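Report on the structure given below.
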2 protein chains.
Amino acid sequence: MSHKKITITDVALAAGVSVATVSLVLSGKGRISQTTSERVNHTIDQLGFVRNRQASSLRGGESGVVGLIVRDICEPFYAEMTAGLGEMFEAQGKVLFLLQSGPAASGLARCFDTLLTHGVDGIVIAGGIHYLDEKMRAKAVEQGVPLICASRSGGTEGVDLVRPDNMQAAKMATEYLIRKGHKQIAYLGGLGNSLTRAERLGGFCATLLQYGLPFRSEWIIECDYQHRLAADAAEDLLRRYPKISAIVCHKSSVALGAYFGVLRTGNQVAGGSLNSLFQKQVALIGIEDSPELALTEPPLTAVSNSAREIGHTTARRLLLRLAGQNLETQDIIIHSTIIERGSA
Amino acid sequence: MSHKKITITDVALAAGVSVATVSLVLSGKGRISQTTSERVNHTIDQLGFVRNRQASSLRGGESGVVGLIVRDICEPFYAEMTAGLGEMFEAQGKVLFLLQSGPAASGLARCFDTLLTHGVDGIVIAGGIHYLDEKMRAKAVEQGVPLICASRSGGTEGVDLVRPDNMQAAKMATEYLIRKGHKQIAYLGGLGNSLTRAERLGGFCATLLQYGLPFRSEWIIECDYQHRLAADAAEDLLRRYPKISAIVCHKSSVALGAYFGVLRTGNQVAGGSLNSLFQKQVALIGIEDSPELALTEPPLTAVSNSAREIGHTTARRLLLRLAGQNLETQDIIIHSTIIERGSA
DNA sequence: TTGAAAGCGATACCAA
DNA sequence: TTGGTATCGCTTTCAA
């Protein structure tokens, strides 16, 4: 018993005007008299008419849909970036297709085709952008669909890219520790094949050099996303090199892990009240913030991840392209700020 | 210089067949000879043709699009549920519209209209479902668009709902503590107006009664999402009622906060090695797991949030409805499991 | 200011 | 097994 769907024809009939008029009222384009406009609008919500965007975009206009391909929406960074994107687009009356590419290369290509077939106006690729190949690029150009990447690390050719300034973030973190008087600083976390990590390490090392501090490669420790390993690694590092007085943590989960690692060594995390003069204090700072870091005692200072801002900026950039602007491809770098919480 | 878009007409022309034939090849419906089929397929990817789904769904078919309205994608629970939904739908060749309704009631209605206008085949509402009113319900029915809710707590009428079993989750958590020998158990976290909390409290109280344990309303403490407050609340609670030996935590962030609260009182969290016989041990258990809970020393036991499974189940249910099954509206309840980590 | 009519790209029915 | 063609709902000239 599905009530026959209401179309502009029905509206036109009921309002006693032509379909063309209804269409004009809908889009607010032609000059329509006050009275007609009101009458049409009235019949529209009397009949419960909903405009069919598929039909309108078929005829010529935009679809009002942008596609987002994200590797894994569960990663807080991408979740927040997605939220930022969504906010911005929804404010423009656009809506987001969300596809998850997963870890495999084939995922991206599959998502890409799906989006094209659905007639999106533009595509945002977030994460896993190294899988973006020339073939996809070409296809996007051919279809006239602008492409833009948002990622945690750099490295694409001929495509707009919005990303955090990993180097600057690490620099800020390191300088923060140095200004607090630390001279023996280690870097903990991330895996060797991570581009993001490479960039952050760059900032870390450069800052040490800049301040004339020693750089020791044994103080740069890999450890993967499993929290517990970060704690182990921190503990091990501190036991082996008791001189270390501060650690730059590759990401927030590592910072949290390191926090527990420090406690296990019997030392204190710097910033809290000094309970004992016999305990050494180790300072921690995280790159990429997360709410959990506010929780420890003392709470941990971190560098913001700027995920939401990256989302906003990406959306704005894509909107420019959609507006038909002919722009050079560009890397847009979003800076981070320090979120000081009292650890030092 | 946008290359004119390739349509099936172009393909038909190039392959020397009719558009009807191409369409049949595309959908694999009519019986087409091997040779023709191959020739068509060949020209298709020679010309780089991409099928326009807007056009096909206009004519009659499904759009292959499902709308998802989520209050805030940044909440890990909903992020993971979204991931589960996406996986399932993508496996069926469907794609997800993601809209964020935000905290306001108006948000839901706006998202809802947007989705209808875009011609989605079905709609999933995740979170904020108490804003779902009769008007929207009616509109969905009128448009023939199945509606389904996925949420953390119950309470809708006439709409399919997939949700966790909050009561059972709290029951499990409480029983877990009781079996470890605890008799003085408190409940910490959540706000009074939360339905989810009400359900969990129900399970908590029922279990206490069932085991003949005392139920004291002063041991049921509200505290909001700010982590730090959870620590304060736990500390305060334990100082005021030193008899309390275990706490059921409303969610994972509260559990983490409570962990620090316990430490501040000078007590130990149960499960670790006994450092001192003079310290009391307080057991913690979280409802809704999160990776951070594996991090503390000792790691915290929790009840799984089953977010991904809720996503899967919701998707399956909607797919049934899309397949035209005429089903009774139903509440589907997903059970939780204990993730034991050694705290007790 | 409004109306009539020609498509947009794909589908599906009816013929051939 | 294939080909013509009306049709989906809407936009957009061009006339009235």
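Just so it is clear, the model here is predicted, and its values are computed rather than measured. Letters A, B, ... are given to chains in the order of the sequence lines, protein chains preceding strands, and every chain is numbered from 1.
Of all nucleotides listed (dT12(D), dC10(D), dT5(D)), dC10(D) comes nearest to the side chain of Asn52(A). In this structure, the nucleotide among dA10(C), dT2(C), dG9(D) sitting nearest to the side chain of Ala55(A) is dG9(D). Across dG9(C), dA4(C), dT2(D), the shortest atom-to-atom separation from the side chain of Leu58(B) is found for dG9(C). Of the candidates dT1(C), dT5(D), dT11(D), the closest approach to any side-chain atom of Ala20(B) belongs to dT5(D). In this structure, of dT2(D), dC10(D), dG3(C), it is dC10(D) that holds the atom nearest to the side chain of Thr7(A). Distance from the side chain of Val19(A) is smallest for dA5(C) among the nucleotides dC10(D), dA5(C), dT2(C).
Pairing each heavy atom of Glu62(B) with each of Lys94(B), the nearest pair is OE1-NZ, 3.3 Å.
Under 4.0 angstrom from either OP1 or OP2 of dG9(D) there lies no side-chain N or O belonging to Arg59(B). Residue Ser18(B) has no polar side-chain atom (N or O) positioned under 4.0 Å from OP1 or OP2 of dG4(D). Contact between the side-chain N/O atoms of Lys29(A) and the OP1/OP2 oxygens of dT11(D) is not found at any separation under 4.0 Å.
The CZ-P distance, from Arg39(A) to dT1(C), rounds to 15 Å in whole Å.
The backbone N or O of Val19(A) lies less than 3.5 Å from no partner atom in the side chain of Ser23(A), so there is not a single donor-acceptor pair.
Salt bridge Glu134(A)/Arg137(A): present, at least one basic N to carboxylate O contact under 4.0 Å.
The rotation axes computed at either terminus of the helix from dT1(C)-dA16(D) to dA16(C)-dT1(D) lie 30° apart, taking five pairs at each end and rounding to 10 degrees.
Scored by the side-chain contact (heavy atoms from CB on, under 4.5 Å) test, Arg316(B) finds Met88(B), His312(B), Thr313(B) as partners (sequence neighbours excluded).
When only modelled atom types and interatomic distance are considered, Thr114(B) and Thr117(B) share no side-chain donor-acceptor pair under 3.5 Å.
Looking at heavy-atom distances under 4.0 Å, Ser23(A) makes contact with a base.
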